[in-house]
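One structure is given here, and the rest of the page talks about it.
In each ligand, atom 1 is the first atom listed, and ligand 1 is the first ligand listed.
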Amino acid sequence: MDVVPIPLLSDNYGYLLVGPDGERAAVVDCSDARPVLREVERRGLRLEAILSTHHHFDHVGGNEDVARAVPGVRVIGSRADRARVPALTEALADGESFAVAGLQGRALYIPAHTSGHLAYVFPDGEPSVFSGDTLFAAGCGRLFEGSPAQMMASLGKLAALPDPTRVYFGHEYTLKNLRFAHELEPGNRAIAAKLAHVERLRAEGQPTVPSTIAEEKATNPFLRWRSAELRAGIRARFPDVVDDDVAIFAKTRELKDAY
Ligand code: ZN
Ligand code: FE
């Protein structure tokens, strides 16, 4: 599977997935039809499907336009978001498999940013996951429709994927996320090294996708509530935060909301 990141809107990514025959394609999160259709045409591809991670406009804003422009295109989304994903034709529940463009995928139900959020996992070859606004490089989505404990469970499902799994996330927030992570764990060398790398990439205007599950476990504060340094730092600044996984996670999320 070839994955082509397409920068959309101000800091979103849509991803064009090119199947093994080099002709059939799908797109993950199409907020704007025009740049996506332009890329499909430029590469001489046939667009079979849109995969929507969640109902927010900056992820589905182009669905209707693509459905009009490409007759018969499939629009796949979460069963829990049937009424909120525009032009939806196929609704998936947790663990359900699907095939698009000659690729085998699986839906992972990961609510909390929104109550219907899905990730799409492609386990074959170089395994990949499209994590939408749930898992970012060194960050996680805001809790619009879920609790801290629910987000921890959803992130835990993603963290349980094999370490080499490539992570394709919904927004280019990596640099700011790593600066926040570095403040929480100044002694974490993996964070410091990735921050230096990402500063160079962004100075050159390069995207920071993909990450990997292994990198996220080493650098993402929202997967690191067990880090002694992170915990001690938060409890030193906020003595009323109890020494409990959910409380530490919730405080981390609250601090990031205001960062
Ligand atoms: Zn969102
Ligand atoms: Fe978003």
Side-chain angles (χ1 to χ4, degrees), residues 3-17 26-36 50-66 75-88 91-92 94 107-121 128-155 157-158 166-178 180 198 202 207-211 216 220-223 249-250 252-254 256-259:
V3 180
V4 182
I6 305 176
L8 299 172
L9 309 182
S10 59
D11 53 27
N12 279 84
Y13 288 119
Y15 296 102
L16 199 58
L17 315 185
V27 61
V28 178
D29 281 354
C30 183
S31 53
D32 186 358
R34 218 165 346 150
V36 171
I50 300 173
L51 306 174
S52 297
T53 60
H54 67 293
H55 77 280
H56 285 159
F57 180 79
D58 62 316
H59 298 261
V60 300
N63 285 16
E64 302 273 15
D65 289 341
V66 170
V75 180
I76 298 171
S78 173
R79 181 176 294 174
D81 262 345
R82 245 191 204 128
R84 298 199 294 184
V85 172
L88 190 82
L92 298 177
D94 190 35
L108 262 193
Y109 181 51
I110 48 167
H113 176 66
T114 67
S115 59
H117 202 299
L118 287 187
Y120 297 100
V121 180
S128 301
V129 63
F130 296 85
S131 59
D133 284 0
T134 298
L135 177 64
F136 297 125
C140 78
R142 286 179 189 254
L143 304 177
F144 290 122
E145 300 177 1
S147 66
Q150 197 175 26
M151 181 56 99
M152 290 169 83
S154 292
L155 292 171
K157 278 174 140 177
L158 295 168
R166 295 170 182 219
V167 180
Y168 294 93
F169 39 86
H171 288 266
E172 183 57 70
Y173 293 157
T174 309
L175 183 55
K176 193 176 178 195
N177 286 347
L178 283 167
F180 176 72
V198 162
R202 295 309 292 153
T208 64
V209 284
S211 184
E216 290 317 302
N220 192 319
F222 298 98
L223 295 173
F249 180 93
T252 306
R253 185 59 263 178
E254 189 190 312
K256 184 63 173 60
D257 285 347
Y259 187 73

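- Within D133, OD2 is the N, O or S atom that lies nearest to the Zn ion (ligand 1).
- Formation of a donor-acceptor pair under 3.5 Å by the D11 side chain with backbone atoms of Y173 is not found in this model.
- Between H171 and H59, the distance from one ring center to the other falls under 6.0 angstrom.
- H171 contributes NE2 as its N, O or S atom closest to the Fe ion (ligand 2).
- Looking at R202, its side chain never comes within 3.5 Å of a backbone N or O of T174 through a donor-acceptor pair.
- Side-chain contact annotation: H56 with D133, donor-acceptor N/O pair under 3.5 Å absent.
- Counting just the N/O/S atoms of D58, the one with the shortest distance to the Fe ion (ligand 2) is named OD2.
- Its N, O or S atom nearest to the Fe ion (ligand 2) is what matters here, and for D133 that atom is OD2.
- Among all heavy-atom pairs drawn from Y109 and H117, the shortest one is CD1-O, 3.5 Å.
- For the pair T252 (side chain) and F222 (backbone), a donor-acceptor distance under 3.5 Å is absent.
- When NE2 of H54 and ND1 of H56 are joined through the Zn ion (ligand 1), the resulting angle is 90° to the nearest 10°.
- For the Zn ion (ligand 1), the set of nearby N, O or S atoms under 2.8 Å includes none belonging to H59.
- The Fe ion (ligand 2) lies under 2.8 Å from an N, O or S atom belonging to H59.
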